[in-house]
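Residue numbers start at 1 and run along the sequence shown.
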Amino acid sequence: MPRLRDGMAVAEKPAAAWPPHSEVCYLPPSMPPRSFEGDLNGEGLRIAVIASRFNDDIVSGLLDGALDCLERHGATDVDLYRVPGAFELPTLAAKLDGYHAIITLGCLLRGDTPHFDFISQQVTMELSRVAVDARIPVAFGVITCNTYEQAVQRSSAGAGNKGWEAALAAIEMANLWRVLGREVS
């Protein structure tokens, strides 16, 4: 009978069935899975923040949230880069070297044309590609909103600020990379 361990389906099988050749991960009862995660201590991390200037009233709120998070978690080696718009975020992120993590911040608001859909999809795909190719965490703090009011909600100070959340994810992932021995030199 399958059971859950750390949120994953795990079934117990006799030793003769080890290792399994199916899609379910079988673990003997005496062998709990090893767990890896990063902590939220930003000390000693070198972090780049890239923020777009387009929709700057919104992005400024995201940036304030990200910088506040980094400061509160001890990250003091932070470089800030500004680019014209969200479309330019992946290009600069791909160019940067020597950081433990990169935080990207931008705001895309839906308009009357399909432009929003094209830019949102392209920025998302390219930032993901940069993270995979560079093999460092690239935190996604680009909000895609249907209305200006939604953007204000996601960029205002306090709980729910997506800039803060992106910075926190960057710290945790950078520390996970350290745990895995993939630290930036």
Side-chain angles (χ1 to χ4, degrees), residues 6-8 37-42 45-96 99-177:
D6 292 336
M8 296 178 56
E37 60 184 70
D39 63 39
L40 300 177
N41 181 357
L45 295 178
R46 185 157 192 249
I47 297 180
V49 178
I50 310 172
S52 70
R53 286 191 307 271
F54 198 78
N55 291 319
D56 194 49
D57 52 331
I58 299 297
V59 177
S60 291
L62 297 171
L63 181 56
D64 290 345
L67 295 176
D68 184 38
C69 178
L70 293 170
E71 180 181 342
R72 288 179 188 238
H73 287 87
T76 57
D77 191 359
V78 178
D79 293 330
L80 172 62
Y81 299 88
R82 298 302 302 256
V83 295
F87 190 76
E88 289 76 26
L89 292 168
T91 305
L92 182 57
K95 180 78 173 160
L96 298 178
Y99 290 98
H100 293 100
I102 298 172
I103 301 165
T104 58
L105 305 172
C107 174
L108 296 167
L109 292 172
R110 186 175 298 281
D112 296 330
T113 68
H115 183 258
F116 168 88
D117 298 311
F118 299 136
I119 297 297
S120 311
Q121 183 177 10
Q122 193 65 28
V123 168
T124 302
M125 286 178 29
E126 288 302 309
L127 286 173
S128 176
R129 184 189 57 76
V130 167
V132 170
D133 289 351
R135 299 180 63 125
I136 65 165
V138 177
F140 190 75
V142 179
I143 59 173
T144 55
C145 301
N146 290 319
T147 67
Y148 182 81
E149 292 73 25
Q150 289 175 340
V152 168
Q153 254 184 339
R154 289 165 174 80
S155 64
S156 294
N161 181 291
K162 300 305 178 187
W164 174 286
E165 292 175 9
L168 198 60
I171 292 169
E172 184 174 349
M173 289 300 294
N175 283 317
L176 177 58
W177 255 231

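Counting only heavy atoms from C-beta outward, the side chains of I171 and N41 never approach each other to under 4.5 Å. Looking at L80 and L63, their side chains come closer than 4.5 Å, going by heavy atoms from C-beta outward. The shortest side-chain heavy-atom distance between F87 and Q122 falls under the 4.5 Å cut-off. Looking at heavy atoms from C-beta onward, L96 lies in side-chain contact with I50 at the 4.5 angstrom threshold. At least one side-chain heavy atom of L67 sits less than 4.5 Å from a side-chain heavy atom of V78. You'll find the side chain of E88 stays beyond 4.5 Å of the side chain of Y81, heavy atoms only. Annotation: side chain of W164 is not in contact with side chain of L62 (no heavy-atom distance under 4.5 Å). When side chains are defined from C-beta on, I47 counts as touching I103, because their heavy atoms get closer than 4.5 Å.
Although no hydrogens or angles enter the test, the distance criterion places no donor-acceptor pair under 3.5 Å between the side chain of E172 and the main chain of L168. Side-chain N or O atoms of W177 include one that pairs as donor or acceptor with a backbone N or O of R135 at under 3.5 Å. Distance alone, capped at 3.5 Å, is enough to place a donor-acceptor pair between the T124 side chain and the S120 backbone. Under a 3.5 Å cut-off, the side chain of H100 and the backbone N or O of R46 do form a donor-acceptor pair. Listed for the T144 side chain is no donor-acceptor partner under 3.5 Å among the backbone atoms of C107. A donor-acceptor pair is defined here as one N or O able to donate and one able to accept, closer than 3.5 Å; no such pair exists between the side chain of R129 and the backbone of M125. A donor-acceptor contact shorter than 3.5 Å is absent between the side chain of E71 and the backbone of D68.
Between V142 and the choices L89, I119, L105, the side-chain contact (heavy atoms from CB on, under 4.5 Å) rule is met once, by L89.
Considering CZ of R110 and CD of Q150, their distance stands at 9.5 Å, rounded to 0.5 Å. Taking CE of M173 as the start and CG of L45 as the end, the distance is 12.5 Å to the nearest 0.5 Å. Here the OG atom belonging to S155 is positioned 4.0 Å from the CD1 atom belonging to I58, to the nearest 0.5 angstrom.
Minimum interatomic distance between G163 and N161 (heavy atoms only, all atoms of both residues): N-OD1, 2.8 Å. Residues A166 and A139 approach most closely at O-CB, 3.2 Å, considering heavy atoms. Listed here is the closest heavy atom pair of S52 and G85: CB-C, 3.4 Å. Scanning both residues, V59 and A51, for their nearest heavy atoms gives CG1-CB, 3.9 Å.
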Exercise. Check the pair L70 / V49 against side-chain contact (heavy atoms from CB on, under 4.5 Å), numbers first and verdict last.
Key: CA-CA 10 Å; L70 293 170; V49 178; 3.9 Å; yes
Self-check item: Trace of the side-chain contact (heavy atoms from CB on, under 4.5 Å) decision for L108 with I143
Solution: CA-CA 6 Å; L108 296 167; I143 59 173; over 6 Å; no
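Applying the salt bridge (Lys or Arg N to Asp or Glu O under 4.0 Å) test to every pair with at least one member in residues 49-64, sequence neighbours left out, gives these pairs: D56-R82.
Looking at N55 and Y148, their side chains never bring a donor and an acceptor atom within 3.5 Å of each other.
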